[in-house]
Amino acid sequence: QVHLVESGGGSVQPGGSLRLSCAASGDTSGTAYMAWFRQAPGKEREGVAAIDSDIRTIFADSVKGRFTISKDNAKNTLYLQMNSLKPEDTAMYYCAAARWVRLLMRRDEYDYWGQGTQVTVSS
């Protein structure tokens, strides 16, 4: 199994920044695809950003230009740098991983999930 643990969430003011981390452990050698999803109250879980083993990335339109996704293979850690945060970014953020996906931003493609970390953006 692959275990994922998110951290770095918290409460910030609009325009602020946060960096989320996702520490992976277990059998991580084949997890070529990793992604961040988020779920706000009353909404479906949606893809935020994804990255593959070739460091190709994709972002949701709502976060393009504000968020970046990266990973440190030596540390088995995935990151989401969130800048210029808006109240609509408020959600529970989840880290996900898979050995193979066809659609990087489709939630049912991912096999492993973290417990989530809460991000709240408010004045």
Side-chain angles (χ1 to χ4, degrees):
Q1 295 188 41
V2 175
H3 297 96
L4 305 173
V5 180
E6 302 96 334
S7 62
S11 297
V12 297
Q13 294 183 328
S17 298
L18 284 173
R19 188 179 75 162
L20 305 184
S21 298
C22 172
S25 61
D27 186 13
T28 63
S29 61
T31 52
Y33 302 89
M34 299 191 75
W36 289 96
F37 289 77
R38 67 186 182 186
Q39 187 167 22
K43 296 184 178 180
E44 295 183 351
R45 191 172 300 184
E46 64 177 359
V48 176
I51 188 168
D52 67 14
S53 60
D54 294 318
I55 321 300
R56 290 178 291 216
T57 60
I58 187 171
F59 297 90
D61 288 342
S62 60
V63 306
K64 285 181 179 178
R66 299 189 298 120
F67 290 12
T68 58
I69 187 171
S70 62
K71 59 182 178 180
D72 185 335
N73 290 327
K75 296 181 178 180
N76 276 336
T77 302
L78 178 74
Y79 301 98
L80 183 68
Q81 179 66 47
M82 305 184 295
N83 299 322
S84 301
L85 283 162
K86 303 175 180 179
E88 51 263 44
D89 295 318
T90 296
M92 184 73 74
Y93 283 72
Y94 298 89
C95 174
R99 300 183 185 279
W100 168 253
V101 301
R102 292 179 292 176
L103 298 171
L104 291 173
M105 301 284 274
R106 183 166 176 163
R107 64 182 183 183
D108 60 2
E109 296 276 12
Y110 289 84
D111 303 302
Y112 308 104
W113 294 85
Q115 82 289 347
T117 186
Q118 179 68 40
V119 172
T120 301
V121 184
S122 63
S123 59

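For clarity, every value in this text was computed on a predicted model and none was experimentally measured. Residue indices begin at 1 and follow the sequence shown.
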Margin query: Arg102 vs Glu109, test: side chain to side chain contact (heavy atoms under 4.5 Å, CB included). Steps then yes/no.
Written below: CA-CA 7 Å; Arg102 292 179 292 176; Glu109 296 276 12; 3.6 Å; yes
Next item on the list: Go through the steps for Lys71 and Thr77 under the test side chain to side chain contact (heavy atoms under 4.5 Å, CB included), then give the verdict.
Entry: CA-CA 6 Å; Lys71 59 182 178 180; Thr77 302; over 6 Å; no
Margin query: side chain to side chain contact (heavy atoms under 4.5 Å, CB included), that's the test. Do Met82 and Tyr93 meet it? Break it down for me.
Written below: CA-CA 12 Å; Met82 305 184 295; Tyr93 283 72; 3.9 Å; yes
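Proximity of Leu20 to Thr117: side-chain heavy atoms (C-beta onward) are separated by under 4.5 Å at one or more points. Within the 4.5 Å cutoff, the side chain of Arg38 has heavy atoms near those of the Ser62 side chain.
For Thr90 (side chain) and Pro87 (main-chain N/O), a donor-acceptor pair under 3.5 Å exists by modelled atom type. With hydrogens and angles ignored, the 3.5 Å screen pairs no side-chain donor or acceptor of Asp54 with any backbone N or O of Arg56.
In this structure, CD on Gln115 lies 11.5 Å from NE2 on His3, to the nearest 0.5 angstrom. Rounding to the nearest 0.5 angstrom, the gap separating the CE atom in Met92 from the CD atom in Gln39 is 9.0 Å. Distance check: Glu44 CD to Arg107 CZ gives 5.5 Å after rounding to the nearest 0.5 Å. Atoms CD and OG1, on Gln81 and Thr68 in that order, are 5.5 Å from each other to the nearest 0.5 Å.
Every residue two or more places apart in sequence or in another chain was checked for a side chain to side chain donor-acceptor pair (under 3.5 Å) with Lys43, and none qualifies.
Between Cys95 and Leu78, the closest heavy-atom pair is SG-CD2, 3.8 Å. Residue Val63 comes nearest to Val48 through the heavy atom pair CG2-O, 3.6 Å, listed as atom of the first residue, atom of the second, then distance. Across Pro14 and Ser123, no two heavy atoms sit closer than the pair CD-N, 3.7 Å. Of all non-hydrogen atoms in Glu6 and Gly114, the two that sit nearest each other are OE2-CA, 3.2 Å. Counting all heavy atoms, side chain and backbone alike, Val101 lies closest to Ala98 at CG1-CB, 3.6 Å. Counting all heavy atoms, side chain and backbone alike, Ser84 lies closest to Ser17 at N-OG, 4.3 Å.
Under the 4.5 Å side-chain contact rule for hydrophobic residues, Ile51 and Trp36 share a cluster. Put simply, Leu85 and Ile69 are part of the same group of oily side chains (I, L, V, M, F, W, Y) that touch within less than 4.5 Å, one to the next. By the rule that hydrophobic residues join a cluster once side-chain heavy atoms approach within less than 4.5 Å of another member, Met34 and Trp100 end up as members of separate clusters. Residues Tyr79 and Ile58 do not share a hydrophobic cluster, clusters being chains of Ile/Leu/Val/Met/Phe/Trp/Tyr side chains in contact below 4.5 Å. Hydrophobic clustering (ILVMFWY, side-chain heavy atoms < 4.5 Å, transitive): Phe67 and Met105 are in distinct clusters.
Here Phe37 and Trp113 bring their ring centres to under 6.0 angstrom of each other.
Taking a 6.0 Å sphere around CD of Glu88, one finds it holds more than 12 heavy atoms contributed by other residues, nucleotides or ligands.
Between the side chains of Asp27 and Ser29, at least one donor N or O sits under 3.5 Å from an acceptor N or O.
Arg99 pairs in a side-chain contact (heavy atoms from CB on, under 4.5 Å) with only one of the listed residues (Tyr110, Tyr112, Tyr33), which is Tyr112.
Salt-bridge formation is not detected for the pair Lys86/Asp89: no Lys NZ or Arg NE/NH1/NH2 atom is positioned less than 4.0 Å from an Asp or Glu carboxylate oxygen.
Annotation: cation-pi pair Arg45/Tyr94 present, NZ/CZ under 6.0 Å from the ring centroid and within 45° of its normal.
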